[in-house]
Amino acid sequence: MNNTQRTVRVLTQRPYEVVIGPGVLERAQAFIERRSGAFIVLTDENVEPLYLEGLGLSDKERVLTVPPGEGTKSFEHLERVLDFMAAGGLDRASFLVALGGGVIGDLGSLAASLYMRGVEVVQCPTTLLSQVDSSVGGKTAVNLQAGKNLAGSFHQPCAVFADTRTLASLESEEFRSGLGEVVKSALIGDKELLARLEGETIALLDRDPELLGEIVERCVGVKRAIVERDEREAGDRKKLNLGHTFAHAIERVAGYGTVPHGIAVGTGLVLALEASQQSGTLRDGTLPERVRRLLDTLGIPVSLPVLRRRYDVALPGEDLLDAMRLDKKGTAGMPRFILVAEIGEVAVDCELEPGLLAQRFE
Ligand code: GLY
């Protein structure tokens, strides 16, 4: 096995490094040991038996293990984490280590941003989706009844350790979910990445460690460039939401946790590309078919009918439209979309004609 480790430096107001590659949890361990200050580790019941040991922790009293799944991104669990930090005697010089996927990263970093008005968070993402997207950039969140990620803050991590060895143990559905976000990153800003994905689907689905390391590095590179320009999503960062207006509506109407986020994003990318074409925004007319073909090979539904059948959900068009009106990217009840002209050229805050939108939901 090749052991290449890669580092991406994110130059936000407080810069930090994203270290990527097989075995980087050992580097996380060294990083934690070097720091002064008390800490806790937040993880979930699936990840703890597999990877907690990789952090070399002997003191289990510092570890809070929560149930896996989207339901854990709640105020109830946020309070549990904050109480655990207080019971552990954490002070302002302390920090939290988030070991797990997107749920653990979002919940842990929100707790870190709130505890004593903010302590540091070290992200150790263990899913493809969290390595390529959610662990980098400082978004934190829990869900509300009214929608996903509606309560949160911006709180950049002080370091990210993305150990690509952890990707070998992911269930195929979870792995595919990460691939949806990978394709999104390629469309937003990495032409070569899209070509690599198309040319290397077999190695990709075999989870070739060297290829995965390169892919995570490229996706983090796309995100880094955007987040450095627009840390708090005043404009440019909205590009990272490509496919997400559709995806969030799908997740909400299906019931959170029914369709994995990255899978909904994958289908959302096709819908966004088709809408880009219909509205006349798209310049590269080959893209919808290229992306459909790639996603199909990767096992991601390329249309709503396929998604409905795969997950046995009705997803009525009217319900999807209603859900979109609640989307936090919208204003005054009007959903906003990210549309594509060509790879790397993406327009934010676009409106779509209601008739055109309804067609997408047939
Ligand atoms: N996942 C989108 C963002 O971090 O802005």
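When a ligand or atom number is given, it counts from 1 through the structure's own listing order.
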Any heavy atom of Glu181 sitting closer than 4.0 Å to ligand 1? no
Determine the interplanar angle of the Phe337 and Phe246 rings, folded into 0 to 90°, and report it as parallel if under 30°, tilted if 30 to 60°, perpendicular if over 60°. tilted
min-distance protein heavy atom vs atom 5 (O) of ligand 1 -> Arg237 NE, 2.7 Å
If the threshold is 4.0 Å, N to carboxylate O, is there a salt bridge linking Glu228 and Arg224? yes
Just which atoms of ligand 1 are under 4.0 Å from any heavy atom in Lys223? 1 (N), 3 (C), 4 (O)
Give the single entry among Val136, Leu240, Asp133 that approaches atom 1 (N) of ligand 1 most closely by any heavy atom. Asp133
Within the structure provided, determine whether Gln29 and Phe161 are in side-chain contact (heavy-atom separation under 4.5 Å). no
For residues Leu107 and Leu114: do they belong to one hydrophobic cluster (side chain heavy atoms under 4.5 Å, members Ile, Leu, Val, Met, Phe, Trp, Tyr)? yes
